[in-house]
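The structure under discussion appears below in the form of structure tokens.
Excluded from the calculations below are hydrogen atoms, water molecules and symmetry mates; all remaining heavy atoms, backbone and side chain alike, are included.
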Amino acid sequence: MTTFEVLELRLGRAAPLGSTGALSAIDKQRVHGPVSVGYSGCEGDEQADRKHHGGPQKAVHAYSASHFSAWAKEIPARADRFRPGAFGENLVVDGISESGLCLGDRWRIGSVLVEVSQGRQPCWKLNIRFDVPDMARRVQDTGRTGWYFRVIEPGSIMAGDHGRLSARPNPAWSLARVSHLLYHDRMNRPALAEFADLPGLPESWRRLAMSRLASGRIEDWSRRIETPRSRSA
């Protein structure tokens with residue numbers, strides 16, 4: 001796939017999430033008209049946890065609208081929650097998903113040039129967002145994670161814009177393959193070594209791959225995907 005459409009553009013401010021008191025900007029609202037996009041993301045958008053969200057490597061978050069029907073079918077009791085904006089995405093896109101995107105892809109969207117930096121690593125706030133205790137793990141296991149763009153050339157984006165592929169330096173490394181390696185085929189040493197050598201790979205992912213190769217062990221995901229007890233009441 002070499003094109004996709006931006007169905008909606010969404011921005012959000014940090015606010016308490018549900019009854020937990022934890023700050024999150026996951027509840028992003030639809031905006032109309034063009035939005036300026038710089039190296040740190042969309043103008044007017046916030047991230048509550050800047051350690052794990054936002055910044056140059058995670059400037060713009062996108063999610064494929066094609067996933068909503070699958071989620072609704074799998075979790076019918078929460079079907080009404082699986083709609084545009086559900087995953088805190090800035091861009092709701094149609095015509096592409098993780099299987100059709102590769103690490104390092106460069107896409108021209110509106111006047112902005114972006115690069116696929118990484119897939120999303122889901123955290124426990126999704127459990128609260130959807131009122132599904134293991135939602136983060138489900139997102140991780142299915143590979144329907146969404147992804148992040150880094151911004152190469154700032155500009156503006158609006159709903160109705162189309163993304164057009166301008167470069168694909170790593171055609172063997174779709175986001176679906178990355179997800180399979182990280183969460184399923186976890187100790188495939190040749191693949192981990194190849195992954196770690198990819199140009200432009202975020203340093204955190206390079207360290208993850210190198211750590212697995214050096215230790216022969218998988219990192220502990222529990223703090224990321226399991227809701228802290230103090231947040232679950």
Side-chain angles (χ1 to χ4, degrees), residues 1-12 28-45 47 53-71 82-121 139 142-181 194-195 197-202 205:
M1 297 179 185
T2 57
T3 63
F4 63 83
E5 183 180 2
V6 178
L7 298 180
E8 294 185 9
L9 183 62
R10 289 177 167 265
L11 308 176
K28 299 189 185 298
Q29 303 302 308
R30 187 177 184 180
V31 296
H32 301 277
V35 170
S36 295
V37 181
Y39 295 114
S40 295
C42 299
E43 184 177 358
D45 193 45
Q47 298 83 32
H53 301 282
Q57 298 298 326
K58 302 177 182 179
V60 180
H61 179 221
Y63 200 81
S64 176
S66 66
H67 294 330
F68 296 133
S69 59
W71 286 122
F82 298 111
R83 58 186 186 274
F87 288 85
E89 63 269 30
N90 299 117
L91 305 181
V92 184
V93 304
D94 185 41
I96 204 157
S97 67
E98 293 81 359
S99 62
L101 289 155
C102 297
L103 284 174
D105 275 2
R106 289 195 172 187
W107 295 83
R108 178 73 66 178
I109 313 173
S111 61
V112 182
L113 182 64
V114 296
E115 184 175 275
V116 177
S117 56
Q118 62 189 96
R120 180 180 182 170
Q121 289 183 292
V139 171
T142 61
R144 299 194 293 259
T145 60
W147 60 91
Y148 290 104
F149 291 117
R150 62 170 67 95
V151 175
I152 305 302
E153 295 177 7
S156 65
I157 296 175
M158 64 183 296
D161 282 341
H162 285 77
R164 303 187 188 281
L165 185 65
S166 65
R168 174 160 287 171
N170 302 308
W173 281 96
S174 71
L175 293 182
R177 182 187 177 190
V178 173
S179 181
H180 183 73
L181 173 63
E194 182 183 345
F195 178 67
D197 282 341
L198 289 175
L201 191 69
W205 278 25

Can a donor-acceptor pair be found, under 3.5 Å and without considering hydrogens, that links the side chain of D161 to the backbone of M158? yes
Where A65 and V92 come nearest, the two heavy atoms and their spacing: CB-CG1, 4.1 Å
Worked check of side chain to side chain contact (heavy atoms under 4.5 Å, CB included) between V139 and W71: CA-CA 9 Å; V139 171; W71 286 122; 3.8 Å; yes
Of all heavy-atom pairs between Q118 and L175, which one has the smallest distance, and what is that distance? C-CD2, 4.3 Å
Within the structure provided, determine whether S156 and S111 are in side-chain contact (heavy-atom separation under 4.5 Å). yes
Does L198 form a side chain to side chain contact (heavy atoms under 4.5 Å, CB included) with W205? I'd like the steps, not just the answer. CA-CA 10 Å; L198 289 175; W205 278 25; over 6 Å; no
Test your reading of the model: is there a side-chain donor-acceptor pair from T2 to the backbone of L165, 3.5 Å cut-off? no
With sequence neighbours left out, write down each residue that passes side chain to side chain donor-acceptor pair (under 3.5 Å) with R150, or none if nothing qualifies. Q57, E115
Residue pair C42 / V37, side-chain heavy-atom distance below 4.5 Å: yes
Using a 3.5 Å distance criterion without hydrogens, assess whether the side chain of R177 forms a donor-acceptor pair with backbone atoms of A172. yes
Here the pair of heavy atoms bringing S97 nearest to S66 is CB-OG, 4.3 Å
Ring-plane angle category for Y63 and F87, please: parallel below 30°, perpendicular beyond 60°, tilted otherwise. parallel
Student check: side-chain heavy atoms of V116 and C102 closer than 4.5 Å: no
Qualifying residues under ring-ring contact (aromatic ring centres under 6.0 Å, His included), relative to F4, sequence neighbours excluded: W107
I'd like to know if the side chain of S64 and the backbone of I96 have a donor-acceptor N/O pair within less than 3.5 Å. yes
Can you label the angle between the H61 ring and the Y148 ring as parallel, tilted or perpendicular, going by 30° and 60°? tilted
Residues N90, R10; criterion side chain to side chain contact (heavy atoms under 4.5 Å, CB included); working and verdict: CA-CA 5 Å; N90 299 117; R10 289 177 167 265; 5.7 Å; no
Gap separating the CG atom of L91 from the CH2 atom of W147, nearest 0.5 angstrom: 8.5 Å
Measure the spacing between CZ of R164 and OG1 of T3 and express it to the nearest 0.5 Å. 6.5 Å
L7 side chain reached by V93 side chain, heavy atoms, under 4.5 Å: no
Checking the side chain of R106 only, and the main-chain atoms of A167 only, is there a donor and an acceptor separated by less than 3.5 Å? no
I'd like to know whether H67 forms a side chain to side chain contact (heavy atoms under 4.5 Å, CB included) with E98, so could you lay out the CA-CA distance, the side-chain angles of the two residues, the decisive distance to 0.1 Å, and finally the verdict. CA-CA 10 Å; H67 294 330; E98 293 81 359; 2.7 Å; yes
Between S117 (side chain only) and K58 (backbone N and O only), is there a donor and an acceptor less than 3.5 Å apart? no
Give the minimum heavy-atom separation between A59 and V151, together with the two atoms involved. CB-CG2, 4.0 Å
Which atom pair, heavy atoms only, marks the closest approach of G163 to I109? CA-CG1, 3.9 Å
Could you report the tightest heavy-atom contact between G88 and K28, atom names first, then the distance? O-CE, 3.0 Å
State, yes or no, whether a side-chain contact exists between N170 and F195 at a heavy-atom distance under 4.5 Å. no
